> 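Shown below is the structure under consideration.
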Amino acid sequence: MDQKIKIFGFAGSLRKDSYNRALLRVALESVPGNAELEAFDLEGIPPFNQDLENQPPEKVKEFKAKIRAADAILIVTPEYNYSIPGVLKNAIDWASRPYGDNAFDKKPVAMMGASVGMLGTARAQYHLRQSFVFLNMVPLNQPEVMVPFVADKVDASGNIKDQKTRDKVRELLEHLVAWTRRLKNTQ
Ligand SMILES: Cc1cc2nc3c(=O)[nH]c(=O)nc-3n(C[C@H](O)[C@H](O)[C@H](O)COP(=O)(O)O)c2cc1C
């Protein structure tokens, strides 16, 4: 049997009751049998300072090492002011530096996001895709998982029980695994 595909995932929200963290939990519960998913918390990553890029903080070293060890990346993004949150961009910036030491280089990546509005992070996700160009990542195009009106889709404990959303997340993971295997086979 092929080795399991190692997926490393993180959400761009630090909020305790974050819907996007809840969406990442759905992914943890939906990982296909031929893959594994580790979730990482961006809490504790300080604001990026280029003076420190050659001696990054421990949390950033850990983040970069986990990205490098993964076969594929899963990013869960909220939408802030029609773009991705600073917390997420900041973490991505750290992991991409110093120049020539970009941990994301050539990694397959999938994204998803949940918002309280009607477009379900669509605008943020297209901004994120733009950064993948300079990061030299290999994004999965479809399915697109944009969860609108997410406040109506959580239960009293803040978990996303909506079956349509859960099915989409599972489908995204299945496609990410297939995409990652395909890329590995062409190396
Ligand atoms: C600074 C800020 C900007 C926001 N901008 C948008 C936006 O552009 N589009 C949108 O759909 N929701 C926007 N929202 C609402 C978010 O969808 C909502 O706060 C959501 O809960 C954030 O994700 P989280 O629950 O994972 O923290 C914004 C929220 C904040 C705090």
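As the structure lists them, so they are numbered: ligands from 1, and atoms in each ligand from 1. Residues: numbered from 1 along the sequence shown. Side chains included, hydrogens not; waters and symmetry mates left out as well; all remaining heavy atoms used. What you are looking at is a predicted structure, and each value in this text was computed from that prediction instead of being measured.
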> To the nearest 0.1 Å, how far is atom 21 (O) of ligand 1 from its closest protein heavy atom, and which atom is that?
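Scanning the protein heavy atoms, the shortest distance from atom 21 (O) of ligand 1 goes to Y19 CD1, 3.3 Å.
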> Give me the residue, atom name and distance of the protein heavy atom closest to atom 22 (C) of ligand 1.
P78 CB, 4.0 Å
> When you compare ligand 1 with D17, is there at least one nitrogen or oxygen pair between them that comes in under 3.5 angstrom?
no
> Is there a side-chain contact between M112 and L74, using heavy atoms and a 4.5 Å cut-off?
yes
> Of the protein's non-hydrogen atoms, which lies at the shortest distance from atom 10 (C) of ligand 1, and what is that distance?
E79 OE2, 3.7 Å
> Do NZ/NE/NH1/NH2 and the carboxylate oxygens of E29 and R25 come within less than 4.0 Å?
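A salt bridge is absent here (no side-chain N lies under 4.0 Å from a carboxylate O).
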> Strictly inside 4.0 angstrom of atom 27 (O) of ligand 1, do you find any protein heavy atom?
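At least one protein heavy atom is under 4.0 Å away.
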> Side-chain contact, heavy-atom cut-off 4.5 Å: K168 with K164?
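Not in contact.
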> Is there side-chain contact between T165 and V150, with heavy atoms separated by less than 4.5 Å?
no
> Can you name the atoms of ligand 1, numbered from 1 with element, that are less than 4.0 Å from a heavy atom of R15?
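With R15 as reference, the close atoms of ligand 1 come out as 21 (O), 24 (P), 25 (O), 27 (O).
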> Checking a contact table here: which protein heavy atom is nearest atom 5 (N) of ligand 1, and how many Å away?
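Nearest neighbour among protein heavy atoms for atom 5 (N) of ligand 1, to 0.1 Å: N81 N, 2.8 Å.
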> Step through the shown structure and confirm whether more than 12 heavy atoms of other residues, nucleotides or ligands are within 6.0 Å of CZ on R15.
yes
> Write out the residue and atom name of the closest protein heavy atom to atom 19 (O) of ligand 1, then the distance separating them to 0.1 Å.
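Nearest protein contact, heavy atoms only, for atom 19 (O) of ligand 1 is Y80 CE1, 4.8 Å.
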> Would L37 end up clustered with F104 when hydrophobic side chains under 4.5 Å apart are linked, directly or stepwise?
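Not linked; separate clusters.
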> Need the ligand 1 atom indices (1-based, order shown) with element for anything under 4.0 Å from a heavy-atom of S13.
24 (P), 26 (O), 27 (O)
> Between the side chains of K59 and E62, is the shortest nitrogen-to-carboxylate-oxygen separation below 4.0 Å, so that they form an ion pair?
no
> Between F8 and L128, is there shared hydrophobic-cluster membership here, with clusters defined by ILVMFWY side-chain heavy atoms closer than 4.5 Å?
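Yes.
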> Run the numbers for me: atoms of ligand 1, each under 4.0 Å from some heavy atom of V116, listed by number.
15 (C), 17 (O)
> Of the protein's non-hydrogen atoms, which lies at the shortest distance from atom 11 (O) of ligand 1, and what is that distance?
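Protein heavy atom with the smallest distance to atom 11 (O) of ligand 1: S115 OG, 3.1 Å.
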> Which ligand 1 atoms are under 4.0 Å away from a heavy-atom of N20?
23 (O), 24 (P), 26 (O)
> Among protein heavy atoms, which lies nearest atom 8 (O) of ligand 1, and at what distance?
Y82 N, 2.8 Å
> Can L119 be said to touch ligand 1, with heavy atoms closer than 4.0 Å?
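False for this residue.
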> Under 4.0 Å between a side-chain nitrogen and a carboxylate oxygen: does that hold for R68 and D101?
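A salt bridge links R68 with D101.
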